[in-house]
Colleague: 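After the structure tokens below, expect a handful of questions from me.
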Amino acid sequence: MAERITPRSEDYSRWYTDVVLQARLADYSPVKGCMVIRPNGYAIWEKIQQVLDKKFKETGHVNAYFPLFIPESFMKKEAEHVEGFAPECAVVTHGGGEELEEPLYVRPTSETIIWSMYKKWIMSYRDLPILINQWANVVRWEMRTRLFLRTTEFLWQEGHTAHATEEEAEEEARRILEIYRSFAEDYMAMPVITGQKTENEKFAGAVRTYSIEAMMQDKKALQAGTSHYLGENFARAFDVKFQDKDGQVKYVHATSWGVSTRLIGALIMTHGDDQGLIIPPRIAPTQLVIVPIWQESTRTKVLEFSERVYRQLKEKFDVKLDDRDQYKPGYKFTEWEIQGIPIRVEIGPRDVDANQVVLVRRDTREKIPVGLDRLMEEAEKLLDTIQKSLFERALKMRKENTFRVDDYREFQDVLEKGAFLESHWCGNTECELKIKEETKATIRNIPFDREEETGKCIYCGQPSTGRVVFARAY
RNA sequence: CGGGGCGUAGCGCAGUCUGGUUAGCGCGCUUGGUUCGGGACCAAGAGGUCGCCAGUUCAAAUCUGGCCGCCCCGACCA
């Protein structure tokens with residue numbers, strides 16, 4: 001086979017592209033900067049949607065849909081927001097063969113159009129809170145794009161909530177971040193650091209931004225989800241006020257939050273190996289794939305047995321039976337490994353005779369013979385083991401590459417090897433920017449669980465009360 | 001936008017420097033057969049405006065000019 005995956009050690013970013021292409025997650029499109037998400041990739045996205053949508057609904061959120069086009073004037077209403085987004089917006093100037101009276105922005109995010117509607121819907125404290133989410137596509141005209149990680153158009157969910165008080169909105173923003181954390185860790189088996197973004201790194205238009213940050217295998221950071229407390233910024237911009245219980249007229253407090261198809265990129269770079277993708281069982285669209293192995297003389301009995309196993313597994317798992325005649329088993333093994341299916345179920349004539357199957361772990365390639373009578377429980381146990389071990393492996397990787405550093409020279413040296421650095425920072429944007437300029441490292445976030453610790457800013461030496469996480473990032 | 005690389009069959013490439021028969025190779029694809037416990041083998045086939053446009057020349061994939069596109073690395077971002 002000509003198509004090989006570039007080893008990670010040789011060129012990590014080529015490895016990434018090879019995996020995306022060869023696992024058939026996505027393909028380059030005729031439109032520059034855009035990608036086609038192929039069925040294998042979209043199935044993962046659907047799985048992500050399914051899990052998150054359930055969590056959103058369980059916490060009182062509902063789905064809705066707002067227009068793709070946003071009047072230019074709306075975009076311009078919130079000062080910081082415009083400034084943050086204007087340069088990367090696609091703008092429609094013509095429609096129906098004529099120039100439009102007012103240009104329409106293709107949404108880079110929907111705060112403005114949503115808050116223009118919230119103005120109509122909110123009068124009283126009785127109308128609050130509004131907890132709306134939408135699954136949508138957005139467009140940001142990026143200069144440099146990479147499959148899943150940064151494309152001109154991408155899919156995401158964006159939650160937009162309205163609350164009577166700051167406390168309530170703050171609580172919402174934090175609740176969602178916790179949903180993102182548990183999703184990342186419990187489903188994607190991807191350890192994340194939860195924390196607050198610095199003033200410099202926060203969302204354009206937010207008062208506070210929170211994020212989950214993950215470490216990829218090349219030790220670069222990837223922001224995997226964000227949640228914002230928007231304060232009254234959009235309420236003021238769109239004049240959204242309500243009369244409270246106490247009779248006072250007040251501005252509404254807002255949040256917004258989102259995760260995108262970028263999570264698929266995170267998945268690849270957290271678990272993949274030189275053979276291809278590895279999908280954690282809880283997020284895998286297909287958890288087991290059965291590969292029958294037959295000779296002409298054993299064909300019927302192997303296939304019949306395989307179908308029986310398939311019907312059994314199907315009761316409880318997402319399973320595929322690969323009974324294609326035109327490919328040999330070895331070819332199929334490789335193909336399913338590239339696609340990252342957690343468990344391969346091998347069934348040959350010898351297994352049929354012994355009334356067993358052979359389970360093969362994708363992550364370790366370990367082969368485990370299992371009698372048919374214990375198949376269901378063993379499969380479940382093994383999926384669980386794989387899920388846990390992927391998380392542990394990723395967590396170990398992160399721990400081994402995270403360093404507490406108090407000296408700027410050392411900071412630069414350690415960073416060169418690739419790492420997360422826990423260092424003191426005085427809180428000034430100037431230091432943050434200088435460090436970024438000199439080292440390309442940014443403050444990923446200020447972790448919620450950091451220890452109170454007095455120290456000196458890694459850059460200027462001014463007093464600091466705790467460490468923040470620095471890293472080079474995607 | 002700056003730097004680097006590349007456009008020749010569906011994919012990966014050779015051929016270009018030094019212009020000259022029907023433009024090759026591997027993989028894939030089609031048909032038939034044998035195979036099948038880690039990317040099978042044999043045989044016969046199909047498939048090309050050599051990125052586009054001009055120019056030089058008896059003759060251009062090959063030389064010249066312009067344009068377009070893509071990938072990688074930097075300034076912006078989820």
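Hydrogens, waters and symmetry mates are skipped; everything else that's a heavy atom, side chains included, is used. Letters go in sequence order (proteins before strands), and every chain restarts at 1.
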Colleague: Please determine, for B/rC27, whether a Watson-Crick or G-U wobble partner exists with both distances under 3.5 Å, and give it or none.
Modeller: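 B/rC27 is paired with B/rG10.
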Colleague: Give the minimum heavy-atom separation between A/Thr152 and A/Cys34, together with the two atoms involved.
Modeller: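 Nearest heavy atoms, A/Thr152 then A/Cys34: CB-SG, 4.0 Å.
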Colleague: Go along nucleotides 41-47 of chain B 5' to 3' and tag each nucleotide: B for a protein heavy atom under 4.0 Å from its base, S when only backbone or sugar atoms are that close, - otherwise.
Modeller: -------
Colleague: When you compare the side chains of A/Glu158 and A/Gln134, does any donor N or O come within less than 3.5 Å of an acceptor on the partner?
Modeller: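 Judged by distance alone, the side chains do pair up.
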Colleague: Could you go through A/Ile386 and A/Arg362, starting from their C-alpha distance and side-chain angles, then the distance that decides it, and tell me whether this counts as side chain to side chain contact (heavy atoms under 4.5 Å, CB included)?
Modeller: CA-CA 9 Å; A/Ile386 294 170; A/Arg362 170 62 182 89; over 6 Å; no
Colleague: Mind calculating the distance between CZ (A/Arg344) and C1' (B/rG39) to the nearest angstrom?
Modeller: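 Rounding to the nearest Å, CZ of A/Arg344 and C1' of B/rG39 are 12 Å apart.
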Colleague: Contact class for A/Arg324 vs. all strands (heavy atom < 4.0 Å): base, sugar-phosphate, or nothing?
Modeller: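 It contacts nothing in the nucleic acid.
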Colleague: When you measure from the side chain of A/Arg140, which nucleotide among B/rC77, B/rG38, B/rG37 comes out closest?
Modeller: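 Of all the options, the side chain of A/Arg140 is nearest to B/rC77.
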Colleague: Base, sugar-phosphate or nothing for A/Val138? Non-hydrogen atoms, less than 4.0 Å.
Modeller: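 Result for A/Val138 = nothing.
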Colleague: Taking the same atom, C1', in B/rC76 and in B/rC1, what whole-Å distance lies between them?
Modeller: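 Here B/rC76 and B/rC1 have their C1' atoms 12 Å from each other.
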Colleague: Rounded to the nearest angstrom, tell me the gap between atom CD in A/Gln326 and atom P in B/rA40.
Modeller: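 One finds 13 Å between P of B/rA40 and CD of A/Gln326, rounded.
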Colleague: Taking OP1 and OP2 of B/rG37, is either one under 4.0 Å from a side-chain nitrogen or oxygen of A/Lys328?
Modeller: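 For B/rG37, OP1/OP2 do have a side-chain N/O of A/Lys328 under 4.0 Å.
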Colleague: Taking the same atom, P, in B/rA61 and in B/rC53, what whole-Å distance lies between them?
Modeller: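 Their P atoms lie roughly 13 Å apart.
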Colleague: Which value, in whole Å, describes the distance between the P atoms of nucleotides B/rU62 and B/rC73?
Modeller: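 Here B/rU62 and B/rC73 have their P atoms 31 Å from each other.
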Colleague: Quantified in whole Å, what is the C1' atom distance between nucleotide B/rA43 and nucleotide B/rG37?
Modeller: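 My reading of the C1' atoms in B/rA43 and B/rG37 gives 28 Å.
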Colleague: Please pick, from B/rC72, B/rC77, B/rC36, the nucleotide with the shortest atom-to-atom distance to any side-chain atom of A/Tyr28.
Modeller: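 Looking only at heavy atoms from C-beta outward on A/Tyr28, the closest nucleotide is B/rC72.
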Colleague: Within this structure, what is the CD-to-P distance between A/Gln22 and B/rC27, rounded to whole angstrom?
Modeller: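 Rounded to whole Å, this separation is 17 Å.
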Colleague: May I ask you to verify if any side-chain N or O of A/Arg144 is less than 4.0 angstrom from the OP1 or OP2 atom of B/rG74?
Modeller: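 Yes, such a contact exists.
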Colleague: Is there a side-chain polar atom (N or O) of A/Ser13 under 4.0 Å from OP1 or OP2 of B/rC73?
Modeller: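 Yes, A/Ser13 has a side-chain N/O under 4.0 Å of OP1/OP2 on B/rC73.
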Colleague: For the side chain of A/Ile293, starting at C-beta, report the closest nucleotide among B/rG38, B/rG37, B/rC72.
Modeller: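 The closest nucleotide is B/rG37.
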Colleague: Please give the distance between the C1' atoms of B/rC36 and B/rG24 as a whole number of Å.
Modeller: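 Those two atoms are separated by 33 Å.
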Colleague: By the 4.0 Å heavy-atom rule, please label A/Leu149 as base, sugar-phosphate, or nothing.
Modeller: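 Base contact.
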Colleague: Let me spell it out: for each of A/Glu201 and A/Val352, pick the nucleotide of RNA chain B with the closest heavy atom. Which residue's pick is nearer the 5' end?
Modeller: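 That would be A/Val352.
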Colleague: Take atom CG of A/Asp18 and atom C1' of B/rC71, then tell me their distance rounded to the nearest Å.
Modeller: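 Whole-Å distance recorded here is 12 Å.
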Colleague: Calculate the interatomic distance between A/Tyr331 atom OH and B/rG37 atom C1'; express it in whole Å.
Modeller: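 Taking OH of A/Tyr331 and C1' of B/rG37, I get 19 Å after rounding.
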Colleague: Send over the distance from A/Phe333 CZ to B/rG39 C1', rounded to a whole Å.
Modeller: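 Answer to the nearest Å: 11 Å.
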Colleague: How would you list all residue pairs meeting ring-ring contact (aromatic ring centres under 6.0 Å, His included) that involve residues 130-151 of chain A, not counting sequence neighbours?
Modeller: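 Checked against ring-ring contact (aromatic ring centres under 6.0 Å, His included) - neighbours excluded - the pairs reaching residues 130-151 of chain A are A/Trp45-A/Trp135.
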Colleague: Step by step, work out the side chain to side chain contact (heavy atoms under 4.5 Å, CB included) result for A/Arg107 and A/Cys89.
Modeller: CA-CA 8 Å; A/Arg107 65 177 163 225; A/Cys89 285; over 6 Å; no
Colleague: Let's test this: given Watson-Crick or G-U wobble pairing with both distances under 3.5 Å, identify the partner of B/rC1.
Modeller: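 B/rG74 is the nucleotide pairing with B/rC1.
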Colleague: For B/rG69 and B/rG28, measure between their C1' atoms and round to the nearest Å.
Modeller: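 B/rG69 and B/rG28 have their C1' atoms separated by 25 Å.
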Colleague: Under 6.0 Å from the NZ atom of A/Lys301, do we count more than 12 heavy atoms belonging to anything else shown?
Modeller: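 Buried by this count: over 12 neighbours within 6.0 Å.
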Colleague: Given the P atoms of B/rC6 and B/rA14, what is the spacing between them in whole Å?
Modeller: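 Here B/rC6 and B/rA14 have their P atoms 9 Å from each other.
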Colleague: A/Arg362 CZ to B/rG38 P: how many Å, rounded?
Modeller: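 It works out to 17 Å between those atoms.
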Colleague: I'd like to know if A/Glu430 pairs up with A/Lys434 as an ion pair, taking the criterion as any Lys NZ or Arg NE/NH1/NH2 lying under 4.0 Å from an Asp or Glu carboxylate oxygen.
Modeller: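 Judged by the 4.0 Å cut-off on N to carboxylate O distance, A/Glu430 and A/Lys434 do not form a salt bridge.
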Colleague: From A/Met188 CE over to A/Lys47 NZ, what is the distance, rounded to the nearest 0.5 angstrom?
Modeller: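 Answer for the CE-NZ pair, A/Met188 versus A/Lys47, is 13.5 Å.
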Colleague: Ignoring hydrogens and angles, are the base of B/rG38 and the side chain of A/Glu337 linked by a donor-acceptor pair under 3.5 Å?
Modeller: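 Side chain to base: pair present.
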Colleague: Paired with B/rG48: which nucleotide, if any, by Watson-Crick or G-U wobble criteria at under 3.5 Å for both distances?
Modeller: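 Paired with no nucleotide.
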Colleague: Starting from the 5' end of RNA chain B, give me the residue, A/Ala473 or A/Arg14, whose nearest nucleotide shows up first.
Modeller: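 The 5'-side residue here is A/Arg14.
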Colleague: Identify whether any heavy atom of A/Asp11 sits under 4.0 Å from a base atom; if not, whether one sits that close to sugar-phosphate; answer base, sugar-phosphate or nothing.
Modeller: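 Result for A/Asp11 = nothing.
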Colleague: Under 4.0 angstrom, heavy atoms only, what part of the nucleic acid is A/Thr151 near: base, sugar-phosphate, or nothing?
Modeller: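 Base, at least one base heavy atom under 4.0 Å.
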Colleague: At under 4.0 Å between heavy atoms, what does A/Gln223 touch on the DNA or RNA strands: base, sugar-phosphate, or nothing?
Modeller: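 Sugar-phosphate contact only - A/Gln223 comes under 4.0 Å of backbone atoms but never of a base.
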Colleague: Tell which nucleotide pairs with B/rA61, taking only Watson-Crick or G-U wobble pairs whose two distances are both under 3.5 angstrom.
Modeller: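 Pairing partner, where one exists within any strand: none, as none qualifies.
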Colleague: Counting side-chain heavy atoms from CB outward, which of B/rC72, B/rC36, B/rG38 is closest to A/Thr17?
Modeller: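 For the A/Thr17 side chain, the nearest candidate turns out to be B/rC72.
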Colleague: Should A/Glu335 and A/Arg324 count as an ion pair when the cut-off is N to O under 4.0 Å?
Modeller: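 Answer for the salt bridge query: yes.
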Colleague: Looking just at side-chain N and O atoms, do A/Tyr408 and A/Glu438 make a donor-acceptor pair shorter than 3.5 Å?
Modeller: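 Per modelled atom types, A/Tyr408 and A/Glu438 side chains form a pair under 3.5 Å.
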Colleague: A/Arg150 has a side chain; which of B/rG37, B/rC77, B/rC36 sits nearest to it?
Modeller: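 Selected nucleotide (nearest to the side chain): B/rC77.
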Colleague: Considering Watson-Crick and G-U wobble pairs with both distances under 3.5 Å, what does B/rG39 pair with?
Modeller: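 Because no pair has both required distances under 3.5 Å, B/rG39 counts as unpaired.
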Colleague: How far apart are the C-alpha atoms of A/Glu201 and A/Thr209, what are their side-chain angles, what is the distance that settles it, and do they pass the side-chain hydrogen bond (donor to acceptor under 3.5 Å, both in side chains) test?
Modeller: CA-CA 8 Å; A/Glu201 295 276 336; A/Thr209 291; over 6 Å; no
Colleague: Tell me what A/Lys197 touches on the nucleic acid: a base, only sugar-phosphate, or nothing, going by heavy atoms under 4.0 Å.
Modeller: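 A/Lys197: no heavy atom of the nucleic acid under 4.0 Å.
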Colleague: Between P on B/rU34 and CG on A/Asp325, what's the gap in Å once rounded to a whole number?
Modeller: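 Rounding to the nearest Å, CG of A/Asp325 and P of B/rU34 are 12 Å apart.
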Colleague: What nucleic acid atoms does A/Pro349 come within less than 4.0 Å of, heavy atoms only: base, sugar-phosphate, or nothing?
Modeller: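 The answer is base, as A/Pro349 lies within the cut-off (heavy atoms under 4.0 Å) of a base atom.
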Colleague: Expressed in whole Å, how much space separates the P atoms belonging to B/rU57 and B/rG48?
Modeller: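 So the two P atoms sit 32 Å from each other.
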